[in-house]
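What you see below is based on every heavy atom in this structure, not just the backbone, and it leaves out hydrogens, waters and symmetry mates.
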Amino acid sequence: GLAAAALVCYVLALVAAAITTAPRRLKRYAYNLTLMRQELDGLLAVKARWLTIAGALFGLGAITLALALALIIASA
């Protein structure tokens with residue numbers, strides 16, 4: 001039940017973190033700094049979004065695991 005849900009959250013957090021750190025192809029604009037800045041801003045937005053998702057999943061997994069441990073201790 002809860003332990004399996006925690007494990008799923010942790011695995012999904014690892015996947016989201018891997019997506020965050022994965023290298024991406026950027027379009028290169030040799031003489032247009034405005035477009036290069038837009039490209040960088042887009043890249044940072046995507047990475048920030050995936051990092052937020054990874055952190056939320058990790059936190060949810062930690063809370064779920066703590067709840068599972070509390071139930072195990074309470075039933076003992």
Side-chain angles (χ1 to χ4, degrees):
L2 286 175
L7 181 63
V8 168
C9 286
Y10 284 139
V11 169
L12 290 176
L14 284 171
V15 169
I19 291 171
T20 301
T21 59
R24 305 199 191 298
R25 270 202 191 274
L26 292 176
K27 294 179 184 173
R28 293 189 181 187
Y29 300 100
Y31 301 107
N32 192 336
L33 292 180
T34 303
L35 289 178
M36 193 63 184
R37 182 68 205 186
Q38 289 174 358
E39 195 74 24
L40 178 62
D41 288 343
L43 173 77
L44 292 176
V46 168
K47 288 190 177 286
R49 185 177 322 121
W50 279 107
L51 187 60
T52 302
I53 292 169
L57 285 169
F58 185 83
L60 185 61
I63 291 169
T64 307
L65 186 58
L67 185 60
L69 289 175
L71 289 175
I72 289 170
I73 291 171
S75 69

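Here the CG-CG distance, from Leu40 to Leu26, works out to 7.5 Å after rounding to the nearest 0.5 Å. To the nearest 0.5 Å, atom CG of residue Asp41 and atom CG of residue Leu43 are 9.5 Å apart. Of the inter-residue distances, the one linking Gln38 atom CD with Asn32 atom CG reads 8.0 Å to the nearest 0.5 angstrom. To the nearest 0.5 angstrom, Leu35 atom CG is 15.0 Å from Arg28 atom CZ. Here the straight-line distance linking atom CG of Leu7 with atom CG of Leu12 works out to 9.5 Å at 0.5 Å rounding. Taking OG1 of Thr21 as the start and CG of Leu51 as the end, the distance is 10.0 Å to the nearest 0.5 Å.
Smallest separation of non-hydrogen atoms from Ala54 and Ala17: CB-N, 3.9 Å. For Thr64 against Leu60, the heavy-atom pair with the smallest separation is OG1-O, 2.7 Å. Nearest heavy-atom pair across Cys9 and Gly61 is CB-CA, 3.6 Å. What you find for Tyr29 and Glu39 is that their closest heavy atoms are CE1-OE1, 4.2 Å.
A single hydrophobic cluster is seen to contain both Leu57 and Val15, as judged by linkage of ILVMFWY side chains at heavy-atom distances under 4.5 Å, directly or through other members. Leu65 and Ile72 fall into different hydrophobic clusters, where Ile, Leu, Val, Met, Phe, Trp and Tyr side chains are chained together by heavy-atom contacts under 4.5 Å. Leu14 is not connected to Val46 by any chain of hydrophobic side-chain contacts under 4.5 Å among Ile, Leu, Val, Met, Phe, Trp and Tyr, and they are in different clusters.
Taking a 6.0 Å sphere around CG of Leu33, one finds it holds 12 or fewer heavy atoms contributed by other residues, nucleotides or ligands. Atom OH of Tyr10 sits in a crowded spot, with more than 12 heavy atoms from other residues, nucleotides or ligands closer than 6.0 Å.
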